Each structure stands twice: as C-alpha cells, then as structure tokens.
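All values below come from the heavy atoms of this structure, side chains included, with hydrogens, waters and symmetry mates left out. Numbers here are sequence positions counted from 1. Everything quoted here is computed from the prediction, not taken from an experiment. Just follow the structure's listing: the first ligand is 1, and inside any ligand the first atom is 1.
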Amino acid sequence: MAEAARLAWDGLLDFLYPPRCLVCEEHARPALCNSCTACFTPVPTPACPVCGRPVEGSSPCRLCAGMPTGGGGDWAFASARAAAIYEGPLRHAIHRFKYGRMILLGEPLGAFLANRLVVDGLLGEAVDAVVPVPIHPVRQRERGFNQTELLAAPVAAMLSVPLLPRALRRVRRTPPQVGLPPEARRANLQDAIAAPEPKLLAGCRVLLVDDVFTTGTTTDTCARSLKEAGAACVYVATLAAGG
Ligand SMILES: [Zn+2]
Ligand SMILES: [Zn+2]
C-alpha cells in the first residue's frame, strides 16, 4: 500500500513538475534529451591514429609526434578514442555531471559513449575487461560517486565483458591537473596510481575509460600501471577529447 501511495505521489509530482533534461533544462525527457546528444560533435576525420584527437592535415597529432620516440611510441596505451569533442552541450553535460554532482547523467552519457564505441565502430578492437580511471577515495566521498565508473558501466554491459572498478586505485591525493604543462602533470601523478590486484589483469586486453582526454597524462599513467600489473594491452576510450 505504501508503495502504491509513493508511486501515486511520484506520478503527481511528474505531472506538476515534468522531469526536464539536466543539460538544456528545456525538453521534458529523462536526464539527457535527444536534442542535446544530437548536438554532441564527433571528432572530425582525419583524427590522430594514435590518440584519436582532431588533427589538421598531417597525422599523428603534434602531441603524439612530439613524444620522445615520435609517433606515440612512448604512450603506454595502444590507442585512444573519444566519443565527441569537449565543447558545447557535451562540455556543459560533463560539468554538470562531475562538478554539479548530477549522478543521473552518468547512465545516458555512458550509453552515448558505448554506442559510439560499439555501434559506430569507434573501438574496433576486442577487449576482455573495462577499467575506469580511479579518483581518490576522499574525492569520491566528496562527490558521492566516481564519474568514470558510471560512464564505464554501460560500456562494459554493451561489450559483455566484466567491469573492474577496483583494478586501479589512487594511492596518493594529487592537486588538480588543470592548467599544468604535460611534464608537471606527469610529475604530479608519479606513483599516485597503483594496480593492487594483478591477478585480475594478467594477459587481459583492457579498455580504460575516462571522461575527458586532454594531454593524455592521466590515461597514460593508468595504462602504465595496468601493463606493469600484467595487462596484455590497453586501449583508451573517453567521452570527450580536447579541453
Ligand atoms: Zn537537453
Ligand atoms: Zn595524437
């Protein structure tokens, strides 16, 4: 009876205050509306074959070409792909999700990433497990959730492989990476990420999921830990590229 009363109350609230898209606040749709996702901009082609970021004319991109051995040879990951460019409604959605703690955006944003990877064929590689980039437990308590784990769950489900949210762990709290040059970012993350359960990863082809690919330092540090723990190879998938 209490359940019936709660459902009736929820129905009345939905009637009086129709749920709105959390990004545009216009369309009366769950969490994230189709008008918003239709505005997400795919990475234009040609894209860098290594990191998947937009390039003008020649490839690989300046970032990958500038790695010490050139051509991305020093990345620990085999390739990185992003579902869309970090701009417009997607940028807005990620901000609301991460900093506005709008947990309800996790599922539709993760589903968008999963669709781009699997249905649109952006991934193009077979993987055995999906690992989200970890955040420090203190930050996770403050935010209430790890945003990358929520993004990774629909990806693992669509690929029918296990989601391994504890394969990586932040063992040291690091200052925010925003605004730091790549070398400072790398130093900032030194020894901050560990793979505490190598038996989960032995021989595994891992898909590492993050929210935004900027300089690639975070994903590269995570990929290095995964490989040191025995992963056969690491591919990276992010919701957005740039920023
Ligand atoms: Zn919307
Ligand atoms: Zn690149």
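A distance-only check finds a donor-acceptor pair linking the side chain of N115 to the backbone of A111 [under 3.5 Å]. At distances below 3.5 Å, not a single donor-acceptor pair connects side-chain atoms of R170 with backbone N or O atoms of V133.
Distances from the Zn ion (ligand 1) under 2.8 Å pick out these protein N/O/S atoms: C21 SG, C24 SG, C33 SG, C36 SG.
Comment: E142 does not engage R139 in a salt bridge, judged by the lack of any side-chain N to carboxylate O separation of less than 4.0 angstrom.
The side-chain heavy atoms of L163 and P132, taken from C-beta on, include a pair separated by under 4.5 Å. At least one side-chain heavy atom of V43 sits under 4.5 Å from a side-chain heavy atom of I85.
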For this session: Start with the C-alpha distance between R96 and E25, add both sets of side-chain angles, then the distance that settles salt bridge (charged side-chain N to carboxylate O under 4.0 Å, His left out), and finish with yes or no.
Result: CA-CA 12 Å; R96 294 205 139 181; E25 295 174 355; 2.7 Å; yes
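Between SG of C64 and SG of C51, the angle at the Zn ion (ligand 2) works out to 110°, rounded to 10 degrees.
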